[in-house]
Amino acid sequence: MDLSALILADSRFPGGGHVHSGGLEEAVTRKLITHERDLPGFLSGRLRTAGALAAVFAAAAAHAAARNVRSGHWRRLDLELDARTPSLAQREASRAQGRGTARAGKAAWPSPVLSQLLKETPRPHHPVIVGALVGVPFDAAMAVAYLAISGPASAAVRLLGLDPFAVNAVVARLADEVREVSRHAAEVAGDDPADLPAPGSPALDLFAEAHARHHQEEVRLFAS
């Protein structure tokens with residue numbers, strides 16, 4: 001696996017991809033997750049939906065980066081991912097993580113490809129910037145697929161005080177699923193952006209919107 005993919009998936013990388021709870025916080029608030037035994041279903045479901053979508057676009061971006069695509073392609077990728085992300089809160093979270101990753105990426109891996117991407121999409125989605133930085137479809141897909149489950153897993157430890165060893169074991173047991181999702185993403189990486197798969201999860205979209213509303217309400221209460 002390319003070193004850049006490992007670095008981007010590392011919780012110490014200052015891009016922010018690892019800090020997103022991926023709907024876990026809202027699920028905890030609703031008491032849908034209270035124990036380690038509740039995590040496998042949630043993480044597997046997230047991997048197969050939001051994680052698979054991220055993997056597809058990371059792989060497509062890596063494929064594009066390796067082939068130095070024509071002007072306008074990055075903008076198309078970005079818009080197609082927007083179209084497959086119905087939740088405004090999810091789109092904003094992805095772009096916030098993408099912005100942080102782009103800043104760190106410019107310092108670590110400056111390149112004409114990265115410059116062109118940021119010229120076309122100054123606030124890129126996280127999977128797109130990860131794919132552009134890695135340049136290897138399968139490796140880029142693995143990085144974001146892993147983040148799709150490791151972020152929520154870390155949030156479970158933080159929010160519920162779960163045993164980190166037990167939670168890490170849950171993530172480890174998803175290795176085959178992560179590879180399967182990543183292989184499929186790499187297989188379609190060269191497809192036209194409009195034809196890329198669009199797996200989704202309405203429940204996670206609703207969780208994201210509810211969490212954003214709760215946060216806004218807390219901010220208003222604090223400000224008043």
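These values consider heavy atoms only, across backbone and side chains, with no hydrogens, waters or symmetry-generated copies. Nothing here was measured: the structure is a model prediction, and the numbers come from that model. By convention here, the first residue in the shown sequence is residue 1.
The side-chain heavy atoms of Arg173 and Val170, taken from C-beta on, include a pair separated by under 4.5 Å. Counting heavy atoms from C-beta outward, Asp10 and Leu6 have side chains that stay 4.5 Å or more apart. Counting only heavy atoms from C-beta outward, the side chains of Pro197 and His184 approach each other to under 4.5 Å. Side-chain contact between Leu39 and Leu162: present, with at least one pair of heavy atoms (C-beta onward) separated by less than 4.5 Å. By the 4.5 Å heavy-atom criterion applied to side chains, Glu25 and Pro152 are not counted as neighbours. With a 4.5 Å cut-off on side-chain heavy atoms, Leu32 and Asp38 do not count as touching.
Residue Phe207 places its CZ atom among more than 12 non-hydrogen atoms of other residues, nucleotides or ligands, all under 6.0 Å distant. Residue-environment remark: NE2 (His73) exceeds the threshold of 12 foreign heavy atoms within 6.0 Å.
Side-chain contact of Gln90 with Thr85: a donor-acceptor pair under 3.5 Å is absent, judged by distance alone. In this model, no donor atom of one side chain and acceptor atom of the other lie less than 3.5 Å apart for Ser201 and Asp205. Using modelled atom types and a 3.5 Å distance limit, the side chains of Ser94 and His125 yield a donor-acceptor pair.
Side-chain N or O atoms of Glu36 include none that pairs as donor or acceptor with a backbone N or O of Val167 at under 3.5 Å.
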Below 3.5 Å, can you tabulate the donor-acceptor pairs from side chains in residues 51-64 to any protein atom, sequence neighbours excluded?
{"unit_1": "His63", "atom_1": "NE2", "unit_2": "Arg67", "atom_2": "NE", "d": "3.2"}

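Using a cutoff of 4.0 Å between basic side-chain nitrogens and carboxylate oxygens, Glu187 and Arg183 are not scored as salt-bridged. Under 4.0 Å is where a charged nitrogen must lie from a carboxylate oxygen, and between Asp78 and Arg91 no such pair does. A salt bridge links Asp82 with Arg95: the distance from a Lys NZ or Arg NE/NH1/NH2 to an Asp or Glu carboxylate oxygen falls below 4.0 Å. A salt bridge links Glu92 with Arg123: the distance from a Lys NZ or Arg NE/NH1/NH2 to an Asp or Glu carboxylate oxygen falls below 4.0 Å. Remark: Arg48 engages Glu180 in a salt bridge, criterion side-chain N to carboxylate O under 4.0 Å. With respect to the salt-bridge test (charged N to carboxylate O, under 4.0 angstrom), the residues Glu80 and Arg76 do not qualify.
Hydrophobic clustering, with ILVMFWY side chains joined whenever heavy atoms are under 4.5 angstrom apart, keeps Leu24 apart from Leu206. Hydrophobic clustering of Ile, Leu, Val, Met, Phe, Trp and Tyr side chains at less than 4.5 Å, counting indirect connections, unites Trp109 with Leu114.
Here the closest non-hydrogen pair linking Gly131 and Ala65 is O-CB, 4.5 Å. Closest heavy-atom contact between Ala148 and Arg46: O-NH1, 3.0 Å. Across every non-hydrogen atom of Leu118 and Ala102, the tightest pair is CD2-CB, 3.9 Å. Here the closest heavy-atom approach between residue Ala153 and residue Val171 is recorded as CB-CG2, 3.6 Å. Here the closest non-hydrogen pair linking Glu120 and Gly72 is OE2-N, 2.9 Å. Shortest non-hydrogen contact noted between Gly200 and Thr49 is O-CG2, 3.5 Å.
Between Ser150 atom OG and Leu47 atom CG the span is 11.0 Å, to the nearest 0.5 Å. Within the model, atoms NE2 of His126 and CD of Gln97 stand 5.5 Å from one another, a figure rounded to the nearest 0.5 Å. To the nearest 0.5 Å, atom CZ of residue Arg84 and atom CG of residue Leu196 are 5.5 Å apart. Once rounded to the nearest 0.5 Å, the distance linking CZ of Phe165 with CG of Asn168 reads 8.5 Å. Taking CG from Leu174 and CD1 from Ile149, the interatomic distance works out to 4.5 Å, rounded to the nearest 0.5 Å. Of the inter-residue distances, the one linking Gln116 atom CD with Ser111 atom OG reads 10.5 Å to the nearest 0.5 angstrom.
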- From CA spacing to verdict: side-chain contact (heavy atoms from CB on, under 4.5 Å), Val69, Trp74: CA-CA 8 Å; Val69 291; Trp74 296 114; 4.1 Å; yes
- Task: Output, in order, the C-alpha distance, side-chain angles, deciding distance and verdict of side-chain contact (heavy atoms from CB on, under 4.5 Å) for Leu133 and Leu8.
- Result: CA-CA 9 Å; Leu133 291 171; Leu8 288 161; 4.0 Å; yes
